[in-house]
There are 2 protein chains.
Amino acid sequence: MKRDSRLSGVLHVLLHMAEQDTPMTSEQLAKAMQTHPVVIRRTLGGLRDAGFVHSEKGHGGGWTIAKPLAGITMRDVYDAIGRPSLMAMGNRTDAPGCLVEQAVNAALDTGFREAEALLLARFGQVTLAELAADFHARMAARSLSPTPQEHIHD
Amino acid sequence: MKRDSRLSGVLHVLLHMAEQDTPMTSEQLAKAMQTHPVVIRRTLGGLRDAGFVHSEKGHGGGWTIAKPLAGITMRDVYDAIGRPSLMAMGNRTDAPGCLVEQAVNAALDTGFREAEALLLARFGQVTLAELAADFHARMAARSLSPTPQEHIHD
DNA sequence: TTTCATGTAACTTTAAATAGTGCATGAAAC
DNA sequence: GTTTCATGCACTATTTAAAGTTACATGAAA
């Protein structure tokens, strides 16, 4: 399958939204993400249902952050987009009658579960406010360089 | 893409080979795995290059284990099949000029690297001998049940 | 020399994410 | 009120990598 980049993408979008006072349309966000507006609406739909963002129709409409960034963790965002599978590998069959396969699956699953638990625990410790702070630190560092650039894409 | 089940599959095949004294053909192994002989030859090719299995052509040929099971870890097998990516998720772009994306990617990558390291460390602690022992324990448990079955697939 | 089995290079199929189209809905501007 | 702008959503198309398949060369044993 294709590599899943939804979490990466939606975090990116959220931080861009946080830099704006006014609502951003899915078209603006799609441009910044070099993707399609419908993809933006689709992934942000989950965040809206979870109460993290708000969407408005019509003139002046678009997307806004609905909660303080410090109150949203990467784990929250992961949950809101539907908890896509984290591991690229899986077992050959789900219901193995073969005892060899059962032994193999048990060993693999133990490892996968541990790795997933660690990953989700880490994500639960990082708030969007921290990501935004990291971004601003990078901004400050870059502004010292000879050719400062905008923080938003073209 | 499809879910990667190569590690699961090749471990399964190795344990079946270990139960046999004589070489097993890729056709026999494919039957047990409900897959295609060429798929078996493809994945076992990496293990052959790594010295874990041996293959022989012609009459009476086939595949045999070339090292004691206690000397092969799940990590070794993972390496031998080419270290396929473990995480289903990744970053949107590899070379982000956007500072927001840099901040997001840095946070995600930290988590992914930690989870991968944990997983590989766990895999490095489990030898095929232990998997085989687990299989035999399951065999013994089943043989107590009213309808004992063969350990090998039809 | 025939038969069996691997080795490998194509090509096809499949699963899942992403991309895109079309239209309904609803809000603001005129 | 009607035009314009924006989301909501159903549906289809594209893309990516694994898995499945075909075809044939190679090499060993019968």
Side-chain angles (χ1 to χ4, degrees), chain A residues 1-10 12-13 17 20 22-49 53-64 66 78 81-94, chain B residues 1-10 12-13 17 20 22-49 53-64 66 78 81-94:
Chain A
M1 84 190 117
K2 256 183 187 172
R3 188 92 164 209
D4 187 342
S5 65
R6 278 176 288 181
L7 181 56
S8 169
V10 77
H12 189 169
V13 157
M17 284 168 57
Q20 298 277 329
T22 57
M24 292 189 76
T25 69
S26 55
E27 189 156 4
Q28 289 174 309
L29 292 168
K31 198 177 202 176
M33 304 283 295
Q34 310 192 82
T35 182
H36 202 277
V38 171
V39 175
I40 300 289
R41 296 206 278 269
R42 234 182 340 233
T43 38
L44 284 186
L47 295 222
R48 181 191 53 228
D49 297 343
V53 300
H54 174 73
S55 66
E56 198 77 39
K57 287 181 177 177
H59 275 278
W63 300 84
T64 45
Y78 168 75
I81 62 176
R83 296 181 191 152
S85 71
L86 296 167
M87 296 293 143
M89 310 187 37
N91 299 134
R92 263 177 3 94
T93 79
D94 289 333
Chain B
M1 88 187 122
K2 257 182 185 170
R3 187 90 166 216
D4 187 344
S5 65
R6 278 177 289 182
L7 182 55
S8 169
V10 78
H12 189 169
V13 158
M17 285 169 58
Q20 299 277 330
T22 57
M24 293 188 75
T25 69
S26 56
E27 190 156 5
Q28 290 174 308
L29 293 169
K31 198 176 202 176
M33 303 284 295
Q34 309 191 82
T35 182
H36 202 278
V38 172
V39 175
I40 301 288
R41 295 206 280 270
R42 233 183 343 230
T43 38
L44 284 186
L47 295 224
R48 181 192 54 228
D49 297 343
V53 300
H54 174 71
S55 65
E56 199 77 40
K57 287 181 178 177
H59 276 277
W63 299 85
T64 44
Y78 168 76
I81 62 175
R83 296 182 192 151
S85 71
L86 296 167
M87 297 293 142
M89 311 188 37
N91 299 134
R92 266 177 1 95
T93 79
D94 288 333

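Just so you know, these numbers use all the heavy atoms, side chains as well, and skip hydrogens, waters and symmetry mates. So you know, we letter chains A, B, ... as the sequences are listed, proteins then strands, and number each from 1. The shown structure was predicted, so the numbers you read here are calculated from the model rather than taken from an experiment.
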Can you name the residues that form a side-chain contact (heavy atoms from CB on, under 4.5 Å) with B:Thr35, not counting sequence neighbours?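 side-chain contact (heavy atoms from CB on, under 4.5 Å) list for B:Thr35, sorted by chain: B:Ala30, B:Met33, B:Val39, B:Ile40.
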
Looking at residues at least two apart in the chain, or sitting in another chain, which of them share a side-chain contact (heavy atoms from CB on, under 4.5 Å) with B:His59?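 Partners of B:His59 by the side-chain contact (heavy atoms from CB on, under 4.5 Å) criterion come out as none, since no residue qualifies.
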
Nearest-Å distance for atom pair [atom1]/[atom2], residues [X] and [N]:
X       : N      : atom1 : atom2 : result
A:Met89 : D:dA18 : CE    : C1'   : 12 Å
B:Leu86 : D:dA17 : CG    : C1'   : 16 Å
B:Ile81 : D:dA18 : CD1   : P     : 10 Å
A:Lys31 : D:dA6  : NZ    : P     : 13 Å
A:His36 : D:dT15 : NE2   : P     : 14 Å
A:Met87 : C:dA16 : CE    : P     : 17 Å
A:Leu47 : D:dG8  : CG    : C1'   : 15 Å
A:Leu44 : D:dC9  : CG    : C1'   : 15 Å

Partners meeting side-chain hydrogen bond (donor to acceptor under 3.5 Å, both in side chains) with [X] (sequence neighbours left out):
X       : answer
A:Glu56 : A:His54
B:Arg83 : B:Asp79
A:Ser8  : none

Do A:Thr43 and A:Arg6 get their side chains close enough for a donor-acceptor pair, meaning under 3.5 Å?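 No pair is found: no donor N or O on one side chain lies under 3.5 Å from an acceptor on the other.
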
Side-chain N,O (B:Arg3) to OP1/OP2 (D:dA18) below 4.0 Å: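 So the side-chain polar atoms of B:Arg3 never come under 4.0 Å of the phosphate oxygens OP1 or OP2 of D:dA18.
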
Now, which nucleotide makes the Watson-Crick or G-U wobble pair with D:dA30, with each of the two distances under 3.5 Å?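 WC or wobble partner is C:dT1.
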
Please answer whether the main-chain N or O of A:Met17 pairs with a side-chain N or O of A:Gln20 as donor and acceptor at a distance below 3.5 Å.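 Not a single qualifying donor-acceptor pair exists.
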
I'd like to compare against my own output: the B/S/- annotation of nucleotides 4-12 of chain C with a strict under-4.0 Å heavy-atom distance to protein. BSBBBBB--

Per B:Lys2 side chain, nearest of listed nucleotides C:dT18, D:dT21, C:dA15: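 Shortest atom-to-atom distance from the side chain points to C:dA15.
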
